[in-house]
Amino acid sequence: MKIIIFVDSLTSGGAERVSVFLSEYLIAQGHSVAIVTVHSEHRDFYHLSGRVKRYSLNLTKTNRGIGKFFYNIKRVRSLRKIINLEKADVVIGMMTMCSVLSIVSCFGLSTHSITAERNYPGRKPAIKPWGLLRRVFYLFADAHIVQSIKTAAWLKKNTGAHNTFIIPNAVSWPLANFSPIISPQSLVDVNTKLILAIGTKPYQKGFDLLLEAFALVTDRPCDWKLAIIGLDITYTDNDDVNALLALASRLGISQNIIWPGRIGNVGDWYERADMFVLSSRYEGFPNVLLEAMAAGCPSVAFDCDTGPRDIIRHGENGLLVENERSDKLAGAMLSIIENKSLRERLSTSAVDVRVDFAEDKIFSEWERVINEVL
């Protein structure tokens with residue numbers, strides 16, 4: 001099959017990661033795969049092997065009013081040209097904007113379109129124009145891939161989408177390394193116990209709630225520190241990051257927090273960590289939680305609408321706590337800190353995700369959906 005995966009960029013995000021790993025799997029099965037991004041290659045965090053074709057529309061100019069409409073027409077024309085060039089059998093649109101543009105680009109062609117929502121739309125609404133377009137155009141897609149029953153129900157209710165397939169994220173282990181490489185040993189003393197959190201979207205990932213919980217944890221004598229990977233604190237124009245730094249200062253925990261920034265050797269940090277915390281207000285199906293558990297990290301997560309509850313069996317392979325309750329999160333973190341046998345038991349059971357969400361198992365489901373569509 002000739003497959004195009006259309007995604008906004010290849011920066012360090014969940015949809016981007018799935019796009020890269022899925023493309024490599026499909027190539028290994030003998031298919032022809034091209035990844036097309038809206039953004040240019042200069043923003044790439046993930047790097048593709050030479051087997052995957054790479055196209056960039058490089059159409060990210062900000063427009064207003066009618067200018068935005070014509071700019072999106074230009075995106076459709078450019079994508080359609082690549083579809084014809086590749087003689088694509090199917091185009092998979094990652095997230096709402098790319099899904100809508102994929103559907104429109106396939107009109108009048110023999111190419112099929114598949115949408116792939118990577119978050120729960122009930123908590124993360126699309127930017128208004130794209131949300132409205134989703135309601136109109138999702139009916140024309142040949143299939144919709146979502147990560148949970150709740151997302152499938154939301155799409156059916158709000159867009160009329162009925163040909164929906166539920167496929168969770170896959171876990172890749174061991175993780176490949178990318179540049180930049182920052183060793184945990186360079187920032188964390190060998191005797192320090194480490195709590196790890198990862199994300200690039202401070203509000204969604206609930207890092208403010210995590211800091212509040214960590215402040216409650218450090219009220220008790222302990223030698224644990226918190227590392228938050230994914231945020232560049234040297235970029236002073238980021239209001240969300242500045243707000244986090246100010247909050248840490250007010251809580252008196254700045255000296256106990258490590259900010260490695262965006263790094264390419266996350267696997268080394270999972271293996272160094274003594275606990276992983278997912279404090280997200282909402283999720284699709286969190287890659288970072290899967291990866292942390294695959295590394296054997298005792299993990300705590302908010303029981304948000306979708307995602308963590310599909311991975312964690314509370315008390316068996318991790319802990320779930322009431323969503324957006326910093327005090328409950330702190331309590332769960334302290335139970336892991338103070339109970340070594342609990343840490344060891346959660347760590348031992350966590351690695352089962354390597355089997356439950358293995359790449360071959362999950363990506364073969366994507367391949368099955370593509371075959372069914374064709």
Side-chain angles (χ1 to χ4, degrees), residues 12-19 21-22 94-96 115-126 144-155 164-173 196-210 213 228-230 266 270 275-295 297-326 328-329 332-333 346 349-359 361-363 365-366:
S12 56
E16 295 84 351
R17 189 180 316 180
V18 170
S19 299
F21 292 163
L22 174 61
M94 291 286 179
M95 305 293 287
T96 303
T115 77
E117 288 287 344
R118 311 311 298 165
N119 221 314
Y120 174 52
R123 278 300 306 266
K124 186 183 181 182
H144 306 272
I145 293 177
V146 298
Q147 298 160 307
S148 68
I149 294 173
K150 197 164 185 176
T151 301
W154 189 95
L155 283 185
T164 310
F165 299 85
I166 299 168
I167 305 177
N169 280 349
V171 63
S172 175
W173 193 262
L196 184 64
I198 299 175
T200 59
K201 301 168 184 174
Y203 178 77
Q204 176 186 336
K205 298 301 180 182
F207 287 150
D208 55 324
L209 303 174
L210 175 58
I228 299 178
I229 291 174
V266 180
Y270 287 132
M275 184 197 313
F276 180 81
V277 179
L278 185 78
S279 54
S280 298
R281 290 179 163 89
Y282 55 89
E283 278 289 347
F285 203 93
N287 285 304
V288 289
L289 179 59
L290 281 175
E291 292 170 353
M293 293 174 68
C297 281
S299 297
V300 182
F302 277 141
D303 187 17
C304 50
D305 292 305
T306 61
R309 69 180 62 165
D310 298 309
I311 303 170
I312 289 179
R313 300 184 303 276
H314 179 67
E316 293 182 31
N317 64 350
L319 299 180
L320 289 173
V321 299
E322 185 179 344
N323 198 26
E324 298 185 49
R325 286 285 302 272
S326 297
K328 300 286 187 182
L329 184 62
M333 293 165 67
L346 296 181
S349 299
V351 296
D352 290 346
V353 299
R354 298 183 190 177
V355 176
D356 297 338
F357 301 96
E359 283 189 321
K361 178 180 178 180
I362 301 301
F363 289 148
E365 286 295 298
W366 284 78

Q | From CG (D352) to CD (E316), nearest 0.5 Å | A | 10.0 Å

Q: Could you tell me whether the side chain of S299 and the main chain of C297 form a donor-acceptor pair under 3.5 Å?
A: yes

**Q.** Closest non-hydrogen atom pair between A213 and L329, with its separation
**A.** CB-CD2, 3.8 Å

Q) Between OH of Y203 and OG of S280, what distance do you get to the nearest 0.5 Å? A) 11.5 Å

(Q) For T96 and E117, which I'm curious about, is there any donor-acceptor pair between the side chains at under 3.5 Å? (A) yes

Q: For the pair L196 and M275, evaluate side chain to side chain contact (heavy atoms under 4.5 Å, CB included) and give the outcome as yes or no after the intermediate values.
A: CA-CA 6 Å; L196 184 64; M275 184 197 313; over 6 Å; no

Q: Look at D208 together with R281 and state whether they make a salt bridge at an N to O cut-off of under 4.0 Å.
A: yes

Q) Minimum heavy-atom separation for T151 to P121, with atom names? A) CG2-CD, 3.7 Å

Q) Is the shortest heavy-atom distance from the side chain of V171 to the side chain of E359 under 4.5 Å? A) no

Q) Applying the side-chain contact (heavy atoms from CB on, under 4.5 Å) test to F302, which of L210, N323, L320, V277 qualifies? A) N323

Q) Would you say the side chain of V288 lies within less than 4.5 Å of the side chain of I229, judging by non-hydrogen atoms? A) no

Q: Report the distance from atom CD1 of I362 to atom CG of D356, rounding to the nearest 0.5 Å.
A: 9.0 Å

(Q) For L289 versus A301, what's the shortest heavy-atom pair and its separation? (A) CD2-CB, 4.4 Å

**Q.** Between H144 and T164, a side-chain donor and acceptor under 3.5 Å
**A.** no

Q: To the nearest 0.5 Å, tell me how far R313 CZ sits from S349 OG.
A: 7.0 Å

Q: Determine yes or no for a side-chain-to-main-chain donor-acceptor pair under 3.5 angstrom, with K205 supplying the side chain and I198 the backbone.
A: no

(Q) Rounded at 0.5 Å granularity, tell me how far NZ in K150 sits from CZ in R309. (A) 6.0 Å

(Q) Contact between E365 and F165 at the side-chain level, heavy atoms closer than 4.5 Å - yes or no? (A) no

Q: Without swapping roles, check the side chain of N169 against the backbone of F285 for a donor-acceptor pair under 3.5 Å.
A: yes

Q.
To the closest 0.5 Å, what do you measure between CG (L155) and CD1 (I145)?
A. 12.0 Å

**Q.** Heavy-atom neighbours of K328 NZ exceed 12 at 6.0 Å
**A.** no

(Q) Are the side chains of V18 and W366 in contact, using a 4.5 Å heavy-atom criterion? (A) yes

Q) S279 side chain to G206 main-chain N or O, any donor-acceptor pair under 3.5 Å? A) yes

Q: Taking all heavy atoms of D310 and all of F357, pick out the closest pair and write down the distance.
A: O-CZ, 3.7 Å

Q.
Could you report the tightest heavy-atom contact between N119 and Y282, atom names first, then the distance?
A. OD1-CD1, 3.6 Å

Q.
Quick one: does any side-chain atom of R118 pair with a main-chain N or O of M95 as donor and acceptor, under 3.5 Å?
A. no

Q. Do N317 and I312 touch side chain to side chain, with heavy atoms closer than 4.5 Å?
A. yes

Q) Taking the side chain from T306 and the backbone from E283, do they hold a donor-acceptor pair closer than 3.5 Å? A) yes

Q. Minimum heavy-atom separation for G122 to W154, with atom names?
A. CA-NE1, 3.7 Å

